[in-house]
Student: 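Once you've had a glance at the structure underneath, I'll fire off some questions.
For clarity, every value in this text was computed on a predicted model and none was experimentally measured.
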Amino acid sequence: AAADAAPEKRLALVVGNSTYQNVPQLPNPKRDASAVAKMFRDAGFEVATAIDVGNLEFKRAIRKFEADADQADIAVVYYAGHGIEIGGTNYLIPIDARLASDRDADDEAIPLERMVSSADGAQKLRVIILAACRDNPFTTRMRRERKVANRAVSSGLGKVEPTSTDTLIAYAAKAGSTAEDGDGLHSPFTAAVLKNLTVPGLDIRLAF
């Protein structure tokens, strides 16, 4: 009975990358991430935030969350910033990435699959929220050096299938397309998430 009464352990990892060093900065991801982190804290989540993270800090944040999520009932991952698809693989881009060539992605960017799978240990529900489909300056300046068929580079993210059941992945834009960063305080996608995700009793799928 005591075990049944134990509260759910809810964790969230919230990443927002705005201050890119080698391409124009994005105004909204840092603000978006801060607001989303507050939303989850207010909902009783333990929240880890990673704002304007380079490659190493990004990987460390994911690794710690991965270990913590093994003890959680619900795990949520939110990412705002640049994302890119190269040859069918999605990458999230740290603020210190240069990506001069398509060959650099494996070393300088974070495979989206790595971030998605970090929530796999949660027992009941895993939610991945991706505000990462902005028009991407890395796409136009990147050299194409890999002579491999279907090694196309796309500004948006390709479709990702959940790695386990009871996992929901929500995108700011459909696969292969881009979403606007917006002119307001938050991106349109995140503004909608902040408004709808905490409606009492609303099924999370309907909220998205």
Side-chain angles (χ1 to χ4, degrees), residues 13-29 32-33 36 50 52-59 61-62 65-66 76-120 126-164 167-182 187-190 192-193 208:
L13 171 62
V14 178
V15 183
N17 282 345
S18 282
T19 314
Y20 283 90
Q21 298 170 7
N22 300 297
V23 294
Q25 298 181 6
L26 291 170
N28 277 330
D32 289 350
V36 168
D52 285 336
V53 283
N55 190 300
L56 184 57
E57 301 132 299
F58 203 152
K59 288 176 179 174
I62 292 173
F65 183 75
E66 185 176 45
V76 177
V77 176
Y78 171 91
Y79 173 79
H82 278 310
I84 196 169
E85 179 194 356
I86 303 177
T89 299
N90 292 312
Y91 296 93
L92 308 179
I93 304 181
I95 61 167
D96 55 0
R98 293 182 180 277
L99 297 181
S101 159
D102 56 359
R103 289 175 172 167
D104 295 330
D106 290 336
D107 298 316
E108 297 182 12
I110 310 297
L112 172 59
E113 183 180 341
R114 176 81 176 88
M115 197 168 187
V116 171
S117 65
S118 70
D120 279 355
R126 293 152 291 279
V127 180
I128 315 299
I129 305 172
L130 300 170
C133 304
R134 295 166 172 82
D135 191 26
N136 197 323
F138 288 100
T139 306
T140 54
R141 46 188 279 172
M142 182 185 295
R143 294 193 309 275
R144 312 298 197 264
E145 294 185 345
R146 287 193 169 170
K147 307 300 190 288
V148 180
N150 300 320
R151 190 65 181 173
V153 177
S154 170
S155 294
L157 294 176
K159 186 176 181 180
V160 176
E161 297 295 340
T163 52
S164 59
T167 298
L168 176 66
I169 301 178
Y171 290 90
K174 69 180 181 180
S177 63
T178 59
E180 294 298 321
D181 196 36
S187 67
F189 175 68
T190 297
V193 167
F208 280 116

Student: Nearest 0.5 Å, please: how far is CG in Leu92 from CD1 in Ile84?
Tutor: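 It comes to 11.0 Å.
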Student: Assess, by modelled atom type and distance only, whether the side chains of Thr167 and Arg126 contain a donor and an acceptor separated by less than 3.5 Å.
Tutor: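 Present: a donor and an acceptor within the cut-off.
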Student: With distance as the sole test, does Asn55 use its side chain to make a donor-acceptor pair with the main-chain N or O of Glu108 at under 3.5 Å?
Tutor: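 Side chain of Asn55 to backbone of Glu108: a pair is present.
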Student: Going from CD1 on Ile95 to CD on Gln21, what distance comes out if it is rounded to the nearest 0.5 angstrom?
Tutor: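 Here the rounded value is 5.0 Å.
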Student: Could you pull out the closest heavy-atom pair between Ala105 and Leu99, with the gap in Å?
Tutor: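 Where Ala105 meets Leu99 most closely, the heavy atoms are CA-CD2, 3.7 Å.
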Student: Mind checking whether Val77 and Val116 have side chains closer than 4.5 Å, heavy atoms only?
Tutor: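 Val77 vs Val116: side chains apart.
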Student: Within the distance-only criterion (no hydrogens, no angle test), does the side chain of Asp52 pair as donor or acceptor with the backbone N or O of Thr19 below 3.5 angstrom?
Tutor: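 Yes, the answer is positive, given that a donor and an acceptor are paired below the 3.5 Å cut-off.
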Student: Would you mind reporting whether Phe58 and Asn17 have side-chain heavy atoms less than 4.5 Å apart?
Tutor: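 Yes, side chains in contact.
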Student: Give me the atom names and distance for the closest heavy-atom approach of Ala97 to Phe138.
Tutor: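 Smallest heavy-atom distance, with atoms named: O-CE2, 3.7 Å.
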Student: What are the two closest non-hydrogen atoms of Ile128 and Ala119, and how far apart are they?
Tutor: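 Result for this residue pair: CD1-CB, 4.2 Å.
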Student: Of all heavy-atom pairs between Asn90 and Glu85, which one has the smallest distance, and what is that distance?
Tutor: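 Here Asn90 and Glu85 meet closest at OD1-CB, 3.5 Å.
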Student: Can you see which heavy atom on Tyr91 is nearest to which on Asp106, and at what distance?
Tutor: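 Of all heavy-atom pairs spanning Tyr91 and Asp106, the closest is OH-OD1, 2.6 Å.
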Student: Give a yes or no answer on whether the side chain of Asp107 reaches the backbone of Asp104 with a donor-acceptor pair at less than 3.5 Å.
Tutor: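 Not confirmed, Asp107 side chain does not pair with Asp104 backbone.
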Student: Ser18 versus Asn28: any side-chain heavy-atom pair under 4.5 Å?
Tutor: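 Result no, sub-4.5 Å side-chain heavy-atom pair not found.
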Student: Are His82 and Pro137 close enough that some pair of their side-chain heavy atoms sits under 4.5 Å apart?
Tutor: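 Side-chain contact under 4.5 Å: yes.
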Student: With distance as the sole test, does Asp102 use its side chain to make a donor-acceptor pair with the main-chain N or O of Met142 at under 3.5 Å?
Tutor: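 Judged by distance alone, no pair lies under 3.5 Å.
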Student: Do Tyr79 side-chain atoms and Leu112 backbone N/O form a donor-acceptor pair below 3.5 Å?
Tutor: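 Not at all, since once roles are kept as given, no pair shorter than 3.5 Å links the two residues.
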Student: For Pro94 and Gly54, which heavy atoms make the closest approach, and how far apart are they?
Tutor: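 Where Pro94 meets Gly54 most closely, the heavy atoms are CB-C, 3.6 Å.
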Student: Would you say Glu66 and Arg114 make side-chain contact, with heavy atoms under 4.5 Å?
Tutor: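 Yes. Closest side-chain heavy atoms under 4.5 Å.
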Student: Working note: Val15 + Met115, criterion side-chain contact (heavy atoms from CB on, under 4.5 Å); need CA distance, chi angles, decisive distance, verdict.
Tutor: CA-CA 11 Å; Val15 183; Met115 197 168 187; 3.6 Å; yes
